[in-house]
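Nothing fancy with the numbering, it's 1 onward along the sequence. Quick note: numbers below take in every heavy atom, side chains included, and nothing from hydrogens, waters or symmetry partners. Here the structure is a predicted model, which means the values were calculated and not measured.
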Amino acid sequence: MIQTFRILRAAAIAGIAAFGVAAVVLAISGCGSRSGLMEGAQASAVALQPRPQELWPAWYESETQRDGVMASGRGEPPVPLPASLKVPKEGLRGMDPMAILKADPRAKSLVRLPMIDRPGRAGIRPPVLHDLTGQDGSPELIIAADLETRRTVVIVYTVRDGRVVPVLYTVGTRLAVEAVGTDLVTRGAADDGAEQAVRYRWDGARLSPVSDIKTYKDIAPKGRDTKDTTDDPETPETPGPRETPGPAKTGGAARTWTSGSLTGQGAS
């Protein structure tokens, strides 16, 4: 009888041990299936997000004096400039920015302004070339003009079917502008004291706003209890104004005109 009891007890212990091992194996295999990784498999590379690239860094120094942004609406499709404005094989790289402004009915009055390289007086900032469509690698032309009224006009031109087409008009007070990959961001101060950042993205026809973020600092916004708010929480986050700018990871480096020639700005 004693011998039979010992045999049964040993069998029971062996069964419990086997069950415990099976449970551990199942737990390990379950974790592996959730992660999607098998032993020896390589993890997918993490894509680096583009960092802001200030197009006119000097205009960031007086950020407290900037006012809100007013963008041109969607409305009708952008209208090409007159066909008499010929586009060379180099595209916008081979064109005179002043000739483009003269051919644009909405911008030809800006030609009277002098070229400037720093804030403080009315004039046209050095034009910038940067890819904002991400389509064929050809850059768009970005022009910013500071008026005597302290307003800033920002215009973006592209080439479509051999014609120059304005794809963005936006106006603000002493705007700071930066490129984030193929997106364009303008920064200013809204009427309620908030810091406003508007982000534009190519939609196949024009640069359209995809986010309009207001950030409240040190003051309570009118009619609200929180300090930081956004107009649309589901839109992509727009980088903060104090992040150190770096070269965009997509869209290439921006280039500026200096005395009639192109010079690189940012990483080449």
Side-chain angles (χ1 to χ4, degrees), residues 48-72 92 97 116-120 123-134 139-146 150-158 167-190 194-203 206-215 217 230-232 235-258 262-268:
L48 296 177
Q49 295 298 316
R51 301 178 63 190
Q53 180 182 356
E54 297 173 359
L55 301 187
W56 294 282
W59 273 261
Y60 276 73
E61 298 175 0
S62 56
E63 62 182 33
T64 57
Q65 300 178 3
R66 298 199 303 266
D67 290 343
V69 180
M70 179 180 63
S72 56
L92 292 170
I116 57 175
D117 58 4
R118 63 180 60 87
I124 298 176
R125 305 178 192 180
V128 174
L129 287 172
H130 187 83
D131 183 8
L132 295 173
T133 65
E140 277 59 57
L141 173 64
I142 309 169
I143 294 179
D146 296 324
R150 298 187 59 81
R151 304 287 281 175
T152 298
V153 179
V154 178
I155 310 174
V156 178
Y157 296 98
T158 191
V167 293
L168 175 68
Y169 289 96
T170 186
V171 182
T173 300
R174 289 299 187 265
L175 293 178
V177 186
E178 64 191 33
V180 184
T182 54
D183 290 356
L184 190 73
V185 178
T186 58
R187 299 189 181 278
E195 186 174 291
Q196 184 180 18
V198 182
R199 187 166 187 156
Y200 301 91
R201 181 171 297 164
W202 179 248
D203 65 3
R206 60 171 63 78
L207 289 172
S208 297
V210 294
S211 69
D212 186 348
I213 298 176
K214 292 183 179 181
T215 303
K217 296 182 179 180
T230 61
D231 290 342
D232 186 356
T235 53
E237 179 183 357
T238 301
R242 301 199 182 277
E243 181 178 350
T244 302
K249 299 302 180 182
T250 60
R255 294 179 179 272
T256 60
W257 267 274
T258 302
L262 278 172
T263 60
Q265 176 177 321
S268 58

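- Interatomic distance, Arg118 CZ to Arg125 CZ, rounded to the nearest 0.5 Å: 13.5 Å.
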Checklist entry - Yes or no on side-chain hydrogen bond (donor to acceptor under 3.5 Å, both in side chains) for Glu195 and Thr215, after CA distance, side-chain angles and deciding distance? => result CA-CA 5 Å; Glu195 186 174 291; Thr215 303; 5.6 Å; no
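- A pairwise comparison of heavy atoms in Val167 and Arg206 identifies O-CB, 3.5 Å as the closest pair.
- In plain terms, the two heavy atoms of Glu140 and Leu132 that are nearest each other are OE1-N, 2.7 Å.
- Rounded to the nearest 0.5 angstrom, Tyr169 OH and Ile143 CD1 are separated by 10.0 Å.
- Note that the CD1 atom of Ile124 and the CG atom of Asp146 stand 10.0 Å from one another [nearest 0.5 Å].
- Panel note: side chain His130, backbone Thr182; no donor-acceptor pair is recorded below 3.5 Å.
- Rounding to the nearest 0.5 Å gives a distance of 12.0 Å between CG of Leu55 and CG of Leu175.
- Closest heavy-atom contact between Asp203 and Ser208: OD2-OG, 2.7 Å.
- Across Leu141 and Pro127, no two heavy atoms sit closer than the pair CD1-CB, 3.8 Å.
- Contact detail for Thr170 and Tyr200: the closest heavy-atom pair is OG1-OH, 3.2 Å.
- Residues Leu168 and Leu207 come closest through the heavy atom pair CD1-O, 3.8 Å.
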